[in-house]
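First comes the structure, then the notes that go with it.
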Amino acid sequence: QVQLVESGGGLVQAGGSLRLSCAASGRTFRSYAMGWFRQAPGKEREFVAVISSTGGRTDYADSMKGRFTISRDNAKSTVYLQMNSLKPEDTAVYYCAAGPRFGVVAGSYDHWGQGTQVTVSS
């Protein structure tokens with residue numbers, strides 16, 4: 001079992017940057033692929049980024065490529081999402097998730113954090 005706690009959300013102006021962190025408990029963190037998803041009001045949860053258990057492979061949703069960077073530090077049991085050039089449409093609750101497989105759909109993940117709010121003002 002792994003528990004996930006996100007942090008780093010907040011209010012930022014368009015064009016600004018934020019770095020989200022997701023700290024995991026338990027000794028199995030390094031065995032999980034880690035993903036970031038987001039959900040805006042009235043919309044379905046959508047894939048943002050994923051990183052393999054070793055950190056050697058990443059993937060991003062098309063609208064995030066070139067702006068967002070996912071990384072992980074297995075020694076600290078933490079995954080990060082660096083978000084640059086933020087847009088108002090990036091406003092959402094951002095969730096991190098852990099799962100046994102590298103996946104881009106929510107069903108690939110077994111464990112979820114509580115989410116952190118990101119608000120981008122225009």
Side-chain angles (χ1 to χ4, degrees):
Q1 189 77 352
V2 61
Q3 293 184 326
L4 306 172
V5 179
E6 301 97 334
S7 62
L11 174 64
V12 63
Q13 289 187 332
S17 299
L18 282 175
R19 188 175 84 152
L20 306 183
S21 299
C22 173
S25 65
R27 293 177 290 179
T28 58
F29 175 79
R30 61 182 66 244
S31 69
Y32 286 104
M34 298 297 298
W36 284 98
F37 289 76
R38 70 185 187 185
Q39 189 166 18
K43 295 187 177 181
E44 294 188 353
R45 191 168 297 191
E46 66 171 339
F47 168 73
V48 173
V50 57
I51 189 166
S52 63
S53 59
T54 63
R57 181 185 176 192
T58 60
D59 197 10
Y60 300 88
D62 287 345
S63 61
M64 287 74 164
K65 289 180 180 177
R67 299 191 300 126
F68 291 9
T69 303
I70 189 171
S71 61
R72 67 189 295 162
D73 185 338
N74 283 347
K76 295 182 178 180
S77 297
T78 301
V79 62
Y80 305 97
L81 184 69
Q82 177 67 44
M83 305 186 295
N84 299 328
S85 302
L86 283 163
K87 306 174 183 179
E89 51 264 43
D90 293 318
T91 295
V93 177
Y94 284 71
Y95 299 89
C96 70
R101 294 176 301 277
F102 186 93
V104 301
V105 296
S108 299
Y109 297 88
D110 303 320
H111 308 284
W112 292 82
Q114 83 289 348
T116 186
Q117 176 71 47
V118 171
T119 303
V120 184
S121 63
S122 57

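Each residue takes its place number in the sequence, starting with 1. What you see below is based on every heavy atom in this structure, not just the backbone, and it leaves out hydrogens, waters and symmetry mates.
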Considering non-hydrogen atoms only, spot the tightest contact between [X] and [Y] and give its length.
| X | Y | answer |
| --- | --- | --- |
| Phe102 | Thr58 | CZ-C, 3.8 Å |
| Asn74 | Ser53 | ND2-O, 3.1 Å |
| Pro100 | Asp110 | CD-OD2, 3.2 Å |
| Ala49 | Leu81 | CB-CD1, 4.2 Å |
| Met64 | Arg38 | CE-CZ, 3.1 Å |
| Arg101 | Ala33 | O-CB, 3.4 Å |

Side chains of Leu86 and Gln13: closer than 4.5 Å at any heavy-atom pair? no
Are Leu20 and Glu6 close enough that some pair of their side-chain heavy atoms sits under 4.5 Å apart? no
Would [X] and [Y] show up in the same hydrophobic cluster when neighbours are defined by side-chain heavy atoms closer than 4.5 Å?
| X | Y | answer |
| --- | --- | --- |
| Tyr60 | Val50 | no |
| Val93 | Phe47 | yes |
| Ile51 | Trp112 | no |
| Val48 | Val12 | yes |

Which distance, rounded to the nearest 0.5 Å, do you find between the [atom1] of [X] and the [atom2] of [Y]?
| X | Y | atom1 | atom2 | value |
| --- | --- | --- | --- | --- |
| Thr69 | Arg19 | OG1 | CZ | 11.5 Å |
| Ser7 | Gln114 | OG | CD | 9.0 Å |
| Phe37 | Glu44 | CZ | CD | 12.5 Å |
| Thr91 | Gln117 | OG1 | CD | 7.0 Å |
| Trp36 | Phe68 | CH2 | CZ | 11.0 Å |
| Leu4 | Tyr95 | CG | OH | 13.0 Å |

Any chance CD of Gln3 has more than 12 other-residue heavy atoms, nucleotides or ligands included, within less than 6.0 Å?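 Not buried by this count: 12 neighbours or fewer within 6.0 Å.
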Quickly, which of Thr119, Asn84, Thr116, Val118 forms a side chain to side chain contact (heavy atoms under 4.5 Å, CB included) with Leu18? Name it, please. Val118
Geometric cation-pi criterion Arg72 and Phe29, 6.0 Å radius, 45° cone: yes
Less than 4.0 angstrom from a charged side-chain N to a carboxylate O is my criterion; do Asp90 and Lys87 meet it? no
Has Tyr109 got a side-chain atom pairing as donor or acceptor with Gly103's backbone, closer than 3.5 angstrom? yes
